[in-house]
Peer 1: 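One structure follows; several queries about it will come next.
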Amino acid sequence: MMFLKGTNRGGGARTPSVRLCATEFTKLGREGVLSRYPLHFHELGDVGPAGVTKDWFIANCSVHETYNRGIVIHATQDLCIENNVVYNTVGNAYYFEDEAARNCLVRHNLGLVTTKSELDNVPDGCITQFIKDEEPSVFYFHSAVQRIVENVAAGARHAGFYFDLPVFELGNPSSAWSVGTEEEISFVDNVAHSCSGPPNGSAGFGVFQNTGNRRVDPANPAILVPQEFTNFRAYKCRWHGLWTRSRGEVLIQGCRIADCRSGMYPASIGDRVPGVGHFVISDCTLIGETANIGDNFSALENEEAHRTLPQTHEFMFNDSEEHELRWDILSGIEMYDGYIEVEKCRFANFEDRQIETIDPPIQLEIGDTFPPEWRQGGALVQVAKASAWANDPRNRVRKLGTSGLSFHNVVRQVILRNTDPRSSQVINSVIYDPEGLLDADGDGAPEGTAGYFVPKGVTDPPLSHPFLVDGITTAEWHSDAYGEEGINGYWVPGADVDYAQLFVKLTIDDPNTMPIKRIFDPQGASTSGVTYDCRRIWEKDNQAWFVTNLSTGAGTGSLAQHYYELGFRDTANPPQYYQPAKITLNYSFAEGVGEVLYLDFPIMPHPAISGLSLGITGNVTLDSSPTSRSDVLTSASNNAYYDDRNAGRVYMKLTSQNGLYGTQDPLVFGTDVFLTLEVQ
């Protein structure tokens, strides 16, 4: 059944009122054919007084056993969709086709079981539309400007609630989305459960928001407005309870998630720009495993685990990574890119367990390394994915009022994975605990003092990540061996380290490593820290990108922990060393304005011909008066450099400054200094 605008009979286009109630629709829709759906509201525009959504409605109806989606809304606003049941559809059950399908009331609906079309050949003209049905969801929205209240989604092949919002493009303010003065937005008291796609696919989400969007105040687009997910419940979703990407502000509050491989997974879409992608997770409850294990009737479930969590390495993998590198830790919140703050949350039942049976059974002793047949659990978990995205070193836990975090049957409050050497920026991820709420050593008591949780590195021989650990005698190593409730990384007292992030991009695509070394005494007898090979970000095939977190020391009055020497090489045998002609630096996420960083790196030597120089562009002015490295180190200027043509090296001093959002708290909005240096 399709609803269209009426024809013009002299008095303008006449559109019928649609009030559809207590009607059954079944065995409808033509598979693989556009616009052939059981119910299709097609380009009706604004169908009622703003915000009313009672003049036009579909209520108390059932749509089931259909061959091409269920209820489809296209370019129609102010429609009421209430108290309906959509069951067993090929494709998405409730499908909001475009951004103009908005400002609807979606309330008290139930959606059950979405399946994939089995057509071998999708008809011409349908591929762009039906690609969205290859992994169908129950509720699929192109605009979040809806009132989505008290709905239940279950049995989705992909996601219970899928948001495919407009992508915010950096530098293009008009690409942000806003809510008009006569529009409303809410996502409150919704439930998703039993969402489970194919075992090797990225499927099985409660809420999945896949594009990097940004909500702004329409009266002032420079002001970000939080997108809110309130009192959402998710359980038994194979992959994530909630995955949200945003380049703006997101507030997740009062949510309850259980029996999902990962409870929450906030992400910013890979930007390395301060102030982009901020997530507050507040007053939520996350449970790893409950006693409601369900029946074992699927080949994907083994007799030992009795549940559908994707924990067995035989079935679940990510880009063929090794077992310990995959997404197989039972996780409360995975700390990915963006700026994530966790407050007043409760975690329960994140424990280690053997999930695969072998004969004879595995007998572990205290201190043994976990074999692949075991799965570990943790409340706050470092993401494992090897990717081009930079984790924000400001990710933290904090109190809300007087309330901290609570844990029950949680073996590890924090666990840091054995990460992939291709993904140096993930090795450098940090969880900051400024109020000492977390237990680092597994003794059951919070540390009571500020600290950082820092992963170990993956060098050979194994070394810790040197730049937040090396040279700091108070850094404590805590393993994750069987019977030892450690974090598989370091806890570092906050008073002994300040962090910053360095992003380096080269125009040449040959070097795959950036050797980086901290020099503790550049003015005297050089005492060096370890050299660490920061690996090229492997997803960026056309350029050499490197990201690493550094220590800028516990204060800015000393050079100790501030001076870093960079190099560029390929790991071929023998190794090939490079001196790039163009290099981009981004010194960001320093703890405070005024943090000083000294860099020493190669750039292509200049011929001794007058008129050639090092061209520098960026958001700061560099003092070029120094004539030696020593001059740079003692310069009174905030930013200075010396270009040593004979040595083919540049010595630089950089001082952190506020980022995109002016003179605001750098711990919240970040700091940013960016420069491009090029031989001219």
Peer 1: For a quick check under 3.5 Å, do T285 and R346 share a side-chain donor-acceptor pair by atom type?
Peer 2: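 Looking only at side-chain atoms, R346 and T285 do form a donor-acceptor pair, the distance falling under 3.5 Å.
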
Peer 1: Please report whether the ring centroid of H240 lies less than 6.0 Å from that of F205.
Peer 2: yes

Peer 1: Less than 4.5 Å apart, any side-chain heavy atom of H408 and any of F347?
Peer 2: no

Peer 1: Check the angle between the aromatic planes of Y235 and H193 and answer parallel, tilted or perpendicular using the 30° and 60° thresholds.
Peer 2: parallel

Peer 1: If the plane angle is over 60° it's perpendicular, under 30° parallel, otherwise tilted; pick one for Y499 and Y452.
Peer 2: perpendicular

Peer 1: Atom CG of N488 and atom CZ of F453: how far apart are they, to the nearest 0.5 Å?
Peer 2: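 One finds 13.0 Å between CG of N488 and CZ of F453.
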
Peer 1: To the nearest 0.5 Å, tell me how far I431 CD1 sits from I333 CD1.
Peer 2: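 Those atoms lie 9.5 Å apart.
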
Peer 1: In the structure I gave you, are the side-chain heavy atoms of C104 and F96 within less than 4.5 Å of one another anywhere?
Peer 2: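 A side-chain contact under 4.5 Å exists here.
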
Peer 1: Ignoring hydrogens, what is the shortest heavy-atom contact between S656 and G592? Give both atom names and the distance.
Peer 2: OG-O, 2.6 Å

Peer 1: Looking at every heavy atom in both N395 and V430, which two are closest together, and how far apart are they?
Peer 2: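 In this case the closest contact between N395 and V430 is CB-O, 3.7 Å.
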
Peer 1: Check whether any side-chain heavy atom of E591 lies under 4.5 Å from a side-chain heavy atom of T552, and answer yes or no.
Peer 2: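 Contact flag for E591/T552 side chains = no.
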
Peer 1: Angle class for the F163/F229 ring planes (parallel below 30°, perpendicular above 60°, tilted otherwise)?
Peer 2: perpendicular

Peer 1: I would like to know whether V207 and N190 meet side chain to side chain contact (heavy atoms under 4.5 Å, CB included); could you show each step before the answer?
Peer 2: CA-CA 10 Å; V207 170; N190 295 289; over 6 Å; no

Peer 1: A side-chain contact here means heavy atoms from C-beta on lying under 4.5 Å apart; do W177 and V145 qualify?
Peer 2: yes

Peer 1: Do the side-chain N and O atoms of N213 and R245 include a donor-acceptor pair separated by under 3.5 angstrom?
Peer 2: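 Looking only at side-chain atoms, R245 and N213 do not form any donor-acceptor pair under 3.5 Å.
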
Peer 1: Is a side-chain donor or acceptor of D352 paired with a backbone partner of G377 at a separation under 3.5 angstrom?
Peer 2: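 Looks like yes, one N/O pair under 3.5 Å.
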
Peer 1: Taking the side chain as everything from C-beta on, heavy atoms only, tell me whether T244 gets closer than 4.5 Å to I252.
Peer 2: yes

Peer 1: Roughly how far apart are L330 CG and E289 CD, rounded to 0.5 Å?
Peer 2: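 The distance works out to 5.5 Å.
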
Peer 1: Which is it for R157 and E135 under the salt bridge (charged side-chain N to carboxylate O under 4.0 Å, His left out) test, yes or no, and what are the steps along the way?
Peer 2: CA-CA 6 Å; R157 181 180 172 94; E135 299 297 338; 2.9 Å; yes

Peer 1: I'd like to know if the side chain of E249 pairs up with that of H278 as donor and acceptor (distance under 3.5 Å, no hydrogens or angles considered).
Peer 2: yes

Peer 1: What verdict does the side chain to side chain contact (heavy atoms under 4.5 Å, CB included) test give for I185 and R215, after you've listed the backbone C-alpha separation in whole Å, the side-chain angles of each residue and the deciding distance to 0.1 Å?
Peer 2: CA-CA 11 Å; I185 177 173; R215 181 185 173 190; 3.6 Å; yes

Peer 1: Within the 3.5 Å criterion, strictly below it, is a donor on S282 or Q253 matched to an acceptor on the partner's side chain?
Peer 2: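 Their side chains do not contain a donor-acceptor pair, so the 3.5 Å distance test is not met.
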
Peer 1: Do any N or O atoms from the side chain of T671 and from the backbone of A590 form a donor-acceptor pair under 3.5 angstrom?
Peer 2: yes

Peer 1: Would you name the heavy atoms of I329 and R261 that are closest together and state the gap between them?
Peer 2: O-NH1, 3.3 Å

Peer 1: Which heavy atom in L286 sits nearest to a heavy atom in G263, and how many Å separate them?
Peer 2: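 Smallest interatomic distance, heavy atoms only, reads CD2-CA, 3.9 Å.
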
Peer 1: Could you pull out the closest heavy-atom pair between A475 and V492, with the gap in Å?
Peer 2: CB-CG2, 4.1 Å

Peer 1: If only atom types and distance count, is the side chain of E435 paired as donor or acceptor with the main-chain N or O of K399 below 3.5 Å?
Peer 2: yes

Peer 1: Just verifying a value: how many Å separate N109 CG and R107 CZ, rounded to the nearest 0.5 Å?
Peer 2: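 Nearest 0.5 Å value for the CG-CZ distance: 9.5 Å.
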
Peer 1: Which residue, F141, Y95, Y140, forms the ring pair (Phe, Tyr, Trp, His ring centres under 6.0 Å) with Y162?
Peer 2: Y140

Peer 1: May I have the step-by-step check of side chain to side chain contact (heavy atoms under 4.5 Å, CB included) for L165 and Q227, ending in yes or no?
Peer 2: CA-CA 12 Å; L165 306 186; Q227 180 186 3; 4.1 Å; yes

Peer 1: With a 4.5 Å cut-off on side-chain heavy atoms, are V106 and F139 touching?
Peer 2: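 Yes; the side chains approach each other to less than 4.5 Å.
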
Peer 1: Given the rule in the side chain to side chain contact (heavy atoms under 4.5 Å, CB included) test, do M335 and V414 qualify, once you have shown the distances and angles that lead to the verdict?
Peer 2: CA-CA 10 Å; M335 308 297 274; V414 174; over 6 Å; no

Peer 1: Can you tell me if E184 uses its side chain to pair, donor with acceptor, with the backbone of L105 under 3.5 Å?
Peer 2: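 It does not hold such a pair.
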
Peer 1: Any sub-3.5 Å donor-acceptor pair from D433's side-chain atoms to G451's backbone N or O?
Peer 2: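 Absent.
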
Peer 1: Using 0.5 Å steps for rounding, measure from the CD atom of Q657 to the OH atom of Y587.
Peer 2: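 Spacing of CD (Q657) from OH (Y587) equals 10.5 Å.
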
Peer 1: When you measure from the side chain of R247 to the backbone of F168, do you find a donor-acceptor pair of N or O atoms at a distance under 3.5 Å?
Peer 2: yes

Peer 1: Quick check: does any side chain N or O of D480 sit under 3.5 Å from a backbone N or O of I415, one acting as donor and the other as acceptor?
Peer 2: no

Peer 1: Hey, could you give me the OG/CZ distance between S331 and F350, rounded to the nearest 0.5 Å?
Peer 2: 7.5 Å

Peer 1: Side chains of L437 and E447: closer than 4.5 Å at any heavy-atom pair?
Peer 2: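 Result no, sub-4.5 Å side-chain heavy-atom pair not found.
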
Peer 1: So which heavy atom on G254 is nearest to which on C284, and how close?
Peer 2: N-SG, 3.8 Å

Peer 1: Does K236 reach the main-chain N or O of N292 with its side chain, forming a donor-acceptor pair under 3.5 Å?
Peer 2: yes

Peer 1: Any donor-acceptor pair under 3.5 Å linking the side-chain atoms of E341 with those of Y339?
Peer 2: yes

Peer 1: Taking C-beta and beyond as the side chain, do S479 and W477 meet within less than 4.5 Å on heavy atoms?
Peer 2: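 S479 vs W477: side chains touch.
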
Peer 1: Hey, is the main chain of H142 close enough, under 3.5 Å, to the side chain of D164 for a donor-acceptor pair?
Peer 2: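 Not at all, since once roles are kept as given, no pair shorter than 3.5 Å links the two residues.
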
Peer 1: Could you tell me whether a side-chain N or O of D439 sits under 3.5 Å from a main-chain N or O of D441, the two making a donor and an acceptor?
Peer 2: yes

